[in-house]
Amino acid sequence: MDNFENSRINESGLSQDADAKTICLLENDPIEEIFALNLGDFLCEHLISPDFAHKIGDKVKTKNERLKDQLTELISIYSIDSTLAILGFDSNEDYIIYNSIAKTIKLMLSLEKCVIFLAKKDEDIKLAGTSSENTNEKVTPHIEKSYKDEEVIMLNENNKQIIIFPMKNKFECIGAIEITRDIEKPLEAEFIELLKITAGLFVTSLGIQKLIEQVKKVVANDEASTSELLRLRAQLTAIIGDLGDKQQAFVEKLALAVDLKGKYKNHHSQRTADLSREICNFLELNEKTKDLIYYAGLLQNIGKITIDEQLFDKKGKLTQEEWDKLQEHPNAGVSLLMNINFMSEVVPYIHYQKERWDGLGKPEGLGGFSIPFGSRIIAVADAYCALTEERPHRKALSNTEALEVLKSESAIKWDPNVVNALVKLKS
């Protein structure tokens, strides 16, 4: 990618005339080229003529200025000030944040209690947040051991199952999460894995915040060297990449937990997400949209993880109140996702998944193209997967039978364009 002259960019739909001149500002820095692609600077630095580049600004920015711009953009996306704005928290009130996370974990996994302990640099491990009203939770020897030895500890005390998870990644351990559950309802293996990943995700997220504070100071320093800026950019992009890996693992484990609690035996959430991605590929949507719809497909039933498991075990007819709880599960899921700031972009897709093409759905009664496209895709994929899975009250339909049902409801419940795409994929 050293020479962009006389090139055409077909995949993005952008073209470059063969005789056009291009401008290169990379100064033999291959990492900068990759970074530019990620941030969209690619268009500015490679697909415009020198004359037009100078019309945009009075002068070409120096390398340090560009590095500082890139670091500032990353900060604006990943800083705690930005992410917590979604939740309405004051970033200085840490206890509110940690209490919210503890309460979310308790709700997700039907726990009696969840407590978070953190150890700041050169300080002992201390209580950071709790799902209970008891603000005097003590640091026990077991919590100290889990933190120092970086190992999971499981205990049975007073008819309670207690599990302590070290909050660690491959770089550091910063604390521990303690959960308590009734001994007669021990935590399932899938939920234990989910908590391990949640703890690691938490560490990485906090690590980004600490690094961002360093970056802010360097960016504000007029004497900052190019080598220091490059080093910080490399560190920040590396930890963001690690965060992305942990986020994907978290979402996939969370989807398994949703299916487990919802009594699905066919990995329904994963099937829905995979089919949603197939439809996206068929419709040639861009990569970011595909990823968001895939995540939304995985989590479109996330509200069920906050509903009493007894509802799913009940064999008889549900009461109206119980039925309403099940029907409202997308709203519960939206509330839960708002506590996971990195998933905020998938919230609209999940929130409007129960809308109908004819405008008679929930929660807002949107219709037709007013419904987010991702929601329309997930709705069709979810319906097809549900129809082709065996349920307690009916046998699974064949592929042909399921497609006939969807076609009969096309332009009533479902987007006809999405149904047509599914029919072509499955015929």
Could you grab the distance from atom [atom1] of [X] to atom [atom2] of [Y], nearest 0.5 Å is fine?
X      : Y      : atom1 : atom2 : value
Leu118 : Tyr147 : CG    : OH    : 9.5 Å
Asn399 : Leu387 : CG    : CG    : 11.0 Å
Glu287 : Leu285 : CD    : CG    : 9.5 Å
Ile125 : Phe117 : CD1   : CZ    : 7.0 Å
Gln214 : Leu236 : CD    : CG    : 10.0 Å
Leu187 : Leu195 : CG    : CG    : 6.0 Å

Check your understanding: In terms of side-chain heavy atoms, does Asp69 have a donor or acceptor partner in Thr72 at a distance below 3.5 Å?
Key -> no
Check your understanding: Does a donor on one side chain and an acceptor on the other come within less than 3.5 Å for Thr400 and Ser398?
Key -> no
Whether [X] side chain and [Y] backbone form a donor-acceptor pair below 3.5 Å:
X      : Y      : result
Asp382 : Thr272 : no
Ser375 : Tyr349 : yes
Thr198 : Leu194 : yes
Asn286 : Lys288 : yes
Ser370 : Leu366 : no
Ser146 : Ile143 : no

Please name the pair of heavy atoms, one in [X] and one in [Y], separated by the smallest distance, quoted to 0.1 Å.
X      : Y      : value
Ile116 : Met167 : CG2-SD, 4.1 Å
Leu298 : Ser269 : O-CB, 3.3 Å
Cys280 : Ile293 : SG-CD1, 3.6 Å
Ala379 : Gln353 : CB-O, 3.6 Å
Ile279 : Ala421 : CG2-CB, 4.4 Å
Leu229 : Val218 : CD2-CG1, 3.8 Å

[Y] side chain reached by [X] side chain, heavy atoms, under 4.5 Å:
X      : Y      : result
Phe282 : Lys424 : yes
Gln161 : Asp182 : no
Leu403 : Val419 : no
Leu299 : Ile350 : yes
Val418 : Phe373 : yes
Val219 : Lys216 : no
Val203 : Cys173 : no
Lys168 : Ile174 : no

Exercise for review: Walk me through it: do Leu232 and Gln235 pass the test side-chain contact (heavy atoms from CB on, under 4.5 Å)?
Suggested key: CA-CA 5 Å; Leu232 285 173; Gln235 288 181 352; 3.9 Å; yes
Exercise for review: Quick one: do Val423 and Leu425 satisfy side-chain contact (heavy atoms from CB on, under 4.5 Å)? Show the steps, please.
Suggested key: CA-CA 5 Å; Val423 170; Leu425 274 171; over 6 Å; no
Point to revise | Short N-O contact, Glu278 and Lys290, less than 4.0 angstrom | key: no
Check your understanding: Is a salt bridge present between Glu355 and Arg376, judged by a nitrogen-to-oxygen distance below 4.0 Å?
Key -> no
Review point. Is the gap between the ring centers of Trp414 and Tyr384 under 6.0 Å?
Key: no
Exercise for review: Could you walk me through whether Glu193 and Lys196 pass the salt bridge (charged side-chain N to carboxylate O under 4.0 Å, His left out) test, one step at a time?
Suggested key: CA-CA 5 Å; Glu193 285 303 309; Lys196 288 180 182 177; 3.4 Å; yes
Practice item. Among Arg271, Glu401, Lys426, find the residue that satisfies the side chain to side chain contact (heavy atoms under 4.5 Å, CB included) test when tested with Thr388. Key: Arg271
Point to revise | Criterion salt bridge (charged side-chain N to carboxylate O under 4.0 Å, His left out) against Glu112, the qualifying member of Lys106, Arg181, Lys160 | key: Lys160
Exercise for review: For Glu157, look at atom CD and say whether over 12 heavy atoms of other residues, nucleotides or ligands are found less than 6.0 Å away.
Suggested key: yes
Exercise for review: May I have the step-by-step check of salt bridge (charged side-chain N to carboxylate O under 4.0 Å, His left out) for Lys210 and Glu172, ending in yes or no?
Suggested key: CA-CA 13 Å; Lys210 287 191 288 187; Glu172 60 181 336; 3.3 Å; yes
Practice item. Start with the C-alpha distance between Ile162 and Met154, add both sets of side-chain angles, then the distance that settles side-chain contact (heavy atoms from CB on, under 4.5 Å), and finish with yes or no. Key: CA-CA 6 Å; Ile162 299 172; Met154 297 188 183; over 6 Å; no
Review point. Between Glu404 and Lys407, is a side-chain contact (heavy atoms from CB on, under 4.5 Å) present by the stated rule, with each step listed?
Key: CA-CA 5 Å; Glu404 286 302 318; Lys407 285 192 288 184; 3.0 Å; yes
